[in-house]
Amino acid sequence: MISLDKEKGMKLGALVMMIFTSVFGFANGPVAYYLMGYGSIVFYVAAAILFFIPFALMMAEFGSSIKGENTGMYKWLEVSVGPRFAFIGTFMWFASYVVWMVSTSSKVWIPFTTTFAGSDQTQKLAIFGLNSTQVVGLLACLWMVIVTLVSIKGVKGIVKVTSLGGLAVTSLNVVLIVISGIILVANKGQLAQPFTNIMHSHIPSYQGGTGMLSFAVFAIFAFGGIEAVGGMVDKTRNPEKTFPKAVVFSALVISIGYALAIFLWGVSANWNDALSGDTTNLGNITYVMMNNLGYTFGDAIGMNHSAAMSIGNWFARYAGLGMFLSYSGAFFTLTYSPLKTLIMGTPKEMWPKKFTVLNDNGMPSVAMWTQCALVVGIILIASFATPDPSAFYNILTLMANVSMTLPYLFLIYAFPKFKKKDGLDRPFEVYKNQSMTVLIAVVIFVLVLGANIFTIFQPIIEGAGVRDTLWMIAGPAGFSALAIILYQIYANKTNKA
């Protein structure tokens with residue numbers, strides 16, 4: 001646990017650790033290796049330099065200057081641009097978590113089945129005339145209802161139990177480093193995947209220039225979460241010097257962590273041998289690679305085929321249990337936290353009265369059940385409209401990546417306007433030249449927007465049809481329209497433009 005001296009504030013090491021744990025994700029390594037191999041290292045380093053460092057410093061300035069009990073994204077955008085822009089931007093931020101719940105409630109069954117079977121069994125769940133994708137969709141709906149019910153009851157103990165999942169996932173990094181080191185020594189330094197032609201993807205849709213550029217959204221997504229740390233500036237010791245150092249050092253540590261992880265996956269996983277199967281997808285890639293890591297380890301130390309297969313299954317089970325508990329813990333928090341932040345952080349007149357009423361456990365129960373119904377509706381449409389399980393998980397991942405990174409555009413756009421505002425207390429300031437601020441903001445804005453545009457339209461450019469593109473557009477477009485309608489109703493009631 002990070003200790004904080006109330007008089008002196010958080011020190012550099014503690015702040016770096018907080019940023020690292022908020023941003024670094026173990027599952028981002030397997031996804032990157034699967035899509036772009038060793039070449040993904042280049043994209044992750046570029047994302048750290050061009051996105052993570054400048055964006056993190058922007059969030060730090062927002063957080064240090066605009067403070068208070070209900071401050072956050074809405075207040076930052078309202079002060080910088082205006083209430084309409086702030087509401088639409090904050091609603092898009094909330095919508096990104098709705099899409100995350102749609103995606104994760106379906107994916108959570110992959111680690112669940114892997115925990116018991118040693119491999120992903122979701123593609124074998126066809127029953128009662130329903131295909132596996134439809135069955136998983138129904139299970140995802142059941143999961144969403146159960147989590148909402150438990151969260152509304154204010155049952156916090158389960159979150160403490162699921163925090164064990166976070167420790168298990170963190171320990172997977174240690175497992176990867178140690179086991180890969182043993183394999184490398186046992187195989188006399190020979191990599192399973194040769195370190196040649198590293199910018200070539202084995203997946204056709206990521207081989208061309210458009211595909212490679214669309215991968216940038218995965219790199220940006222891998223550095224997401226830093227906006228939550230922006231509010232820690234005023235709790236940092238000597239923030240003018242400490243926070244910039246912490247951001248740069250964290251970027252270095254996280255980049256090295258991702259680069260090392262991606263390289264180490266190449267120690268055990270030959271792409272053609274281990275990852276080219278029809279059942280491998282963006283939903284189960286982490287467990288496929290952990291299974292292969294265990295099998296390769298057993299083979300490298302001289303075990304017979306059967307024993308090595310058993311080791312692989314246990315590696316996958318451990319990863320599955322850790323990820324399932326981690327997903328569960330995140331779900332029980334994110335079912336109410338973004339929604340509560342949206343409702344309590346915006347004017348109450350924007351919402352139906354029942355939405356703003358908290359139950360005995362401090363939860364907006366009516367709003368949470370409405371959110372649940374929305375998520376269930378999207379899940380049913382997606383699962384029954386996408387018969388192929390691999391395509392289903394891949395599109396869910398892309399939808400989540402796009403929806404989670406688009407809200408950054410609102411914050412980046414608002415930052416130069418925030419810098420021009422007079423009368424604000426600015427205890428922490430890195431961007432002191434307005435022209436340079438605008439230039440940096442434009443570069444980051446174009447980077448994030450371009451990555452999303454290439455991701456959204458890549459299926460059409462590659463000749464794969466419009467279905468995936470429509471799915472990725474539907475979320476942002478639908479939620480934007482809903483936000484505009486809600487704000488206009490509020491403006492008409494209160495005579496605000």
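Just so it is clear, the model here is predicted, and its values are computed rather than measured.
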Less than 6.0 Å separating the ring centroids of Tyr413 and Phe410?
no
Verify, without hydrogens or angle tests, whether Thr280 (side chain) and Ser276 (backbone) share a donor-acceptor contact under 3.5 angstrom.
no
Do you know the tightest heavy-atom contact between Tyr74 and Pro347?
OH-CD, 3.5 Å
Determine whether Asn28 and Tyr44 make a side-chain contact, defined as any pair of heavy atoms from C-beta on separated by less than 4.5 Å.
yes
Begin with the C-alpha distance, continue with both residues' side-chain angles, and end with the deciding distance and a verdict on ring-ring contact (aromatic ring centres under 6.0 Å, His included) for Tyr408 and Phe51.
CA-CA 10 Å; Tyr408 297 155; Phe51 168 73; 5.5 Å; yes
Checking Ser214 side chain against Gln458 main chain: does a donor-acceptor pair fall under 3.5 Å?
no
Looking at Lys353, is its backbone amide N or carbonyl O close enough to the side chain of Thr356 to form a donor-acceptor pair, meaning the two atoms are under 3.5 Å apart?
yes
Run Val175 and Phe297 through side-chain contact (heavy atoms from CB on, under 4.5 Å) and show every step you take.
CA-CA 11 Å; Val175 172; Phe297 168 69; over 6 Å; no
Got Phe331 and Met144 here, is their nearest side-chain heavy-atom distance under 4.5 Å?
yes
Taking Asn270 for the side chain and Gln193 for the main chain, is one N or O donor matched with an acceptor at less than 3.5 Å?
no
Are Ser180 and Trp265 close enough that some pair of their side-chain heavy atoms sits under 4.5 Å apart?
no
In this structure, is the centre-to-centre distance between the rings of Tyr97 and Trp100 below 6.0 Å?
no
Nearest 0.5 angstrom please: His200 NE2 to Trp271 CH2, how far?
9.5 Å
Answer yes or no: is there a donor N or O on one side and an acceptor on the other, between the side chain of Ser105 and the main chain of Val102, under 3.5 Å?
yes
Can you confirm whether or not the ring centre of Tyr295 sits under 6.0 Å from the ring centre of His305?
yes
Quick one: closest heavy-atom pair of Ala316 and Tyr287, and the distance?
CB-O, 3.9 Å
Sub-3.5 Å donor-acceptor pair from the side chain of Glu349 to the main-chain atoms of Tyr490, do we have one?
no
Note, Met399 side chain near Ser103 side chain (heavy atom, < 4.5 Å):
no
Should Phe85 and Ile88 count as side-chain neighbours, where that means a heavy-atom distance under 4.5 Å?
no
Side-chain heavy atoms of Phe218 within contact of Leu398, under 4.5 Å:
yes
Are Met368 and Thr335 close enough that some pair of their side-chain heavy atoms sits under 4.5 Å apart?
yes
Asn197 CG: over 12 foreign heavy atoms closer than 6.0 Å
yes
For Ser383, does its backbone N or O pair with a side-chain atom of Thr133 as donor and acceptor, under 3.5 Å?
no
Separation between CE (Met59) and CH2 (Trp76), nearest 0.5 Å, reads 6.0 Å
What is the distance from atom OG of Ser106 to atom CD1 of Ile378, rounded to the nearest 0.5 Å?
11.0 Å
Side chains of Leu342 and Trp351 in contact at under 4.5 Å (non-hydrogen atoms)
yes
Under 3.5 Å donor-acceptor, Asn452 side chain and Leu449 backbone:
no
N/O donor-acceptor pair under 3.5 Å between Lys153 side chain and Thr148 backbone
no
Which heavy atom of Ile311 sits nearest to which heavy atom of Gly294, and what is that distance?
CG2-O, 3.2 Å
Just by distance, do the side chain of Asn361 and the backbone of Met363 share a donor-acceptor pair under 3.5 Å?
no
